Amino acid sequence: MSQTVDRALSILPLLAEGPADLGQVADRLGVHKSTALRLLRTLHEHGMVYRQSDQRYRLGARLFALAQEAMENLDVREIAHAHLVRLNESCGHTVHLAVYEENEVLYIDKVESRYPVRMYSRIGKPVAITVAAVAKLLLADLPEHERRALAEKLDYPMYTARSTPSAAAFLQELATVREQGWATDLGGHEESINCVAAPIRGADGRVVAAMSVSAPNVVVTADELLTLLPLVRRTADTISGEYSGRTPVKGTSA
């Protein structure tokens, strides 16, 4: 039975490359045409594949419907939370999770620092979109025309001397973030607060959320915080794998 299931599932990646006829399916699986036909008929009955008028098979509408339903029911916060807690336990600093919705970047989860100096960020509150590290990651992943259009209509308040001063500077920073795959806010919103962030990606590689570690200068210097970047990126990669279904659920991400 397991071999039959394995063979049936192996048909789906083949058809994802484009329509294929019975002979092509049989050749890819290394089985007789009668075996391939039985598998295709079963998948067809469940709507996973569709037989075209030219007798070739392609992926069925039911498969796309299931994928869409699964994506809509995924809760990145629920998947990420335990990993954020473990990261916080490992480094001791404030950990945030943020998403981009309707031209705003919002915090959807937060794990407080163990240190007495706390951050005033709140779940559900928009971030300072032109300086926050999580915002840079989320916006850097937008298509170029969307990034440019958004950058042109934003205001650029100078929270500190390190704040992003203009649309041109912002677009340049987003290009850098897009290329390197991580972001920082080193005193751009508050002089005394530094932050490093990494993206969480879905199955299609697009950024669905961003997570960060933040700490005040009185607790850790900017250079010391940057040493945590590999750990932050590993945690984000673990969450990405679990969210997208690319990797098995692991017991720890730290």
Side-chain angles (χ1 to χ4, degrees), residues 68 71-81 83-84 87-88 93-113 118-160 162-191 193-215 232 235-236 239-240 243-244:
Q68 182 63 33
M71 289 301 298
E72 289 174 354
N73 290 328
L74 278 178
D75 183 344
V76 68
R77 180 186 180 279
E78 181 179 347
I79 292 170
H81 183 73
H83 299 287
L84 304 182
L87 177 60
N88 167 267
H93 305 307
T94 302
V95 181
H96 288 110
L97 181 69
V99 296
Y100 178 62
E101 291 184 356
E102 298 180 358
N103 295 326
E104 288 187 323
V105 175
L106 306 170
Y107 289 128
I108 60 171
D109 203 359
K110 177 184 181 182
V111 185
E112 290 280 7
S113 167
R118 300 292 178 91
M119 296 184 62
Y120 293 107
S121 55
R122 296 195 307 271
I123 294 175
K125 181 180 179 182
V127 310
I129 198 167
T130 60
V131 291
V134 288
K136 295 171 189 175
L137 283 165
L138 290 160
L139 300 185
D141 192 60
L142 295 175
E144 184 178 0
H145 69 281
E146 289 186 34
R147 292 201 308 271
R148 188 166 297 278
L150 180 62
E152 293 295 342
K153 66 182 180 182
L154 288 175
D155 295 323
Y156 293 87
M158 293 301 292
Y159 303 103
T160 75
R162 297 181 179 179
S163 298
T164 307
S166 65
F170 192 47
L171 287 168
Q172 181 58 53
E173 186 161 12
L174 293 184
T176 300
V177 167
R178 187 181 178 93
E179 182 177 353
Q180 69 190 13
W182 51 273
T184 62
D185 169 16
L186 304 179
H189 188 217
E190 298 178 59
E191 286 279 5
I193 302 292
N194 299 305
C195 176
V196 295
I200 295 168
R201 300 180 185 274
D204 60 358
R206 297 295 304 276
V207 176
V208 297
M211 55 165 293
S212 65
V213 170
S214 303
V232 175
T235 302
I239 298 168
S240 297
Y243 179 83
S244 65

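The structure presented is a predicted model; accordingly, all values stated were derived computationally and were not measured.
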Taking everything shown except [X] itself, do over 12 heavy atoms lie less than 6.0 Å from its [atom1]?
X: E146; atom1: CD; value: yes
X: E179; atom1: CD; value: no
X: E191; atom1: CD; value: yes

Is [Y] close to [X] at the side-chain level, that is, under 4.5 Å between some pair of heavy atoms?
X: I108; Y: V76; value: yes
X: D141; Y: R201; value: yes
X: V232; Y: W182; value: no
X: N194; Y: T184; value: no
X: S214; Y: H96; value: yes
X: V208; Y: V99; value: no
X: K153; Y: N103; value: yes

If every non-hydrogen atom of [X] is compared with every non-hydrogen atom of [Y], which pair is closest and at what distance?
X: T160; Y: H189; answer: CG2-O, 3.6 Å
X: S244; Y: G202; answer: CB-C, 3.7 Å
X: M158; Y: P165; answer: SD-CA, 3.8 Å
X: V127; Y: A132; answer: CG2-CB, 3.8 Å
X: A236; Y: P199; answer: CB-O, 3.3 Å
X: L186; Y: C195; answer: CD2-O, 4.2 Å

With rounding to the nearest 0.5 Å, note down the distance linking [atom1] in [X] to [atom2] in [Y].
X: F170; Y: L154; atom1: CZ; atom2: CG; result: 6.0 Å
X: M211; Y: S240; atom1: CE; atom2: OG; result: 9.5 Å
X: D185; Y: E173; atom1: CG; atom2: CD; result: 8.5 Å
X: L84; Y: I79; atom1: CG; atom2: CD1; result: 11.5 Å
X: Y107; Y: R122; atom1: OH; atom2: CZ; result: 11.5 Å
X: T94; Y: L87; atom1: OG1; atom2: CG; result: 11.0 Å

_The single option from T176, T130, V105, L174 passing side-chain contact (heavy atoms from CB on, under 4.5 Å) against K136_ = L174
*Is a side-chain N or O of D204 found less than 3.5 angstrom from the main chain of R206, in a donor-acceptor match?*
yes
*Just do the side-chain contact (heavy atoms from CB on, under 4.5 Å) check on I129 and E104 with the steps written out, would you?*
CA-CA 7 Å; I129 198 167; E104 288 187 323; 5.8 Å; no
_Full working for side-chain contact (heavy atoms from CB on, under 4.5 Å) between L142 and Y100_ = CA-CA 10 Å; L142 295 175; Y100 178 62; 4.0 Å; yes
